[in-house]
Amino acid sequence: MDEVIRQYFDWDAARPYFGDLARGFWVTIQIALLAELICLSLGMVLAVMRQAGHGATSTAGRIGGKVVRGIAIVYINVFRAIPALLVLVLMAGSFPFLPIPVIKDLTTFQIAFLALGIVYAAYIAEVYRAGIESVDRGQTEAARSLGMSSNQTMRLIVVPQAVRRVLPPLMNDFIALTKDVALVSVIAVHDVVAVARDAQSVTFNSSTLVVAAGFYLAFTLPLIWLLDRVIAREQRRTGRVPVVNP
């Protein structure tokens, strides 16, 4: 038991690296937030694209809608099927050799949040789509009867209600995204996991990895608590009995 404690909970072994671990976790948070901005924005675009052409009366509108929907469906299916780690390695390993200055000059930090944002946009798009399709069809018909166009109906009536309904799963996906930032260590981004592993290779002690886990717990547990409260509030609003973790 003493050896287990020494291997995983030796503060003397971890203390010299605490500052580096804190800076590494700040890198983790920055990547998570930037990737979240990308996936929320791109996910909404993809979700709206999946609704393109619905209610179109002209042949051109219906054909155009099918093309736009097809593009969105292909994107969503492809990036939900490919592991995020593979996308990271593909982008980091090929972008520096492409003859496009904007892409060629990207740093590994920028590639990290772009790759995660692109991958998670596919999942967020499906969350948004579920929210959009949960809005009562009668509201769409009422908006159209008042003279609103399809775009106005989607933007002013459907999307605001859909976003409110999908806040809990969006928060849950952000927690998952934050944990997946640990993958960026494979492309030489010095996040908290990379720093902890470097320290472990020097000290042959895993206490720095436990400290890294502690940083994740300190960040994600409040988010989980907040998520439970949001779900409970929504259940009270709809008249269901809330179930909240202690």
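Just so you know, these numbers use all the heavy atoms, side chains as well, and skip hydrogens, waters and symmetry mates. The residues of the chain are indexed from 1 along the displayed sequence.
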Original post:
I76, V119: one ILVMFWY side-chain cluster at the under-4.5 Å cut-off?
Top reply: yes

**OP:** Just grab all the side chain to side chain donor-acceptor pair (under 3.5 Å) pairs involving residues 166-178, residues at least two apart or on different chains.
**Re:** none

Can you list, pair by pair, the side-chain donor-acceptor contacts under 3.5 Å of residues 29-43, counting residues two or more places apart and other chains?
unit_1 : atom_1 : unit_2 : atom_2 : d
Q30    : NE2    : W26    : O      : 3.4
S41    : OG     : L37    : O      : 2.9

Original post:
Transitively linked via ILVMFWY side-chain contacts under 4.5 Å: L167 with F174?
Top reply: no

**OP:** Kindly write out the residues that satisfy side chain to side chain contact (heavy atoms under 4.5 Å, CB included) with A47, not counting sequence neighbours, or none if the list is empty.
**Re:** Y128, I132

Original post:
Under the ring-ring contact (aromatic ring centres under 6.0 Å, His included) test, which residues partner Y8, sequence neighbours left out?
Top reply: none

**OP:** Show your reasoning for whether side chain to side chain contact (heavy atoms under 4.5 Å, CB included) applies to Y123 and R80.
**Re:** CA-CA 7 Å; Y123 296 96; R80 288 174 69 196; 4.1 Å; yes

Original post:
With no hydrogens and no angle check, do the side chains of Y17 and D198 hold a donor and an acceptor under 3.5 Å apart?
Top reply: no

**OP:** Take Y216 and V192 through the test side chain to side chain contact (heavy atoms under 4.5 Å, CB included) and record every step on the way to the result.
**Re:** CA-CA 9 Å; Y216 272 103; V192 67; 3.6 Å; yes

Original post:
Out of curiosity, D105 CG to L98 CG, how far, rounded to the nearest 0.5 Å?
Top reply: 11.5 Å

Original post:
Atom CG in L106, atom CD1 in I100: separation rounded to 0.5 Å?
Top reply: 10.5 Å

Original post:
Parallel, tilted or perpendicular: which fits the ring planes of F25 and F215, with parallel below 30° and perpendicular above 60°?
Top reply: parallel

**OP:** Would you confirm whether Q161, through its side chain, and I157, through its main-chain N or O, come within 3.5 Å as a donor-acceptor pair?
**Re:** yes

Original post:
Atom CZ of R165 and atom CG of L170: how far apart are they, to the nearest 0.5 Å?
Top reply: 14.0 Å

Subject >> Residues which pass ring-ring contact (aromatic ring centres under 6.0 Å, His included) with Y75, listed by chain and number, not counting sequence neighbours >> reply: F79

Subject >> All side chain to side chain contact (heavy atoms under 4.5 Å, CB included) counterparts of T108, not counting sequence neighbours >> reply: V189

Original post:
Among the clusters formed by ILVMFWY side chains lying less than 4.5 Å apart, do F97 and L114 turn up in the same one?
Top reply: no

Subject >> Cluster check V48, I73: I/L/V/M/F/W/Y, side chain < 4.5 angstrom >> reply: no

Original post:
Are V184 and L86 connected in a single hydrophobic cluster, I mean Ile/Leu/Val/Met/Phe/Trp/Tyr linked by side-chain heavy atoms less than 4.5 Å apart?
Top reply: yes

Original post:
With no hydrogens and no angle check, do the side chains of Q200 and S206 hold a donor and an acceptor under 3.5 Å apart?
Top reply: yes

Subject >> Approximate separation, where rounding is to 0.5 Å, of E133 CD and Q51 CD >> reply: 5.0 Å

Subject >> Closest non-hydrogen atom pair, I71 against M49 >> reply: CG2-CE, 3.9 Å

Original post:
Would you say the side-chain atoms of S185 pair up with the backbone N or O of A194, donor to acceptor, closer than 3.5 Å?
Top reply: no

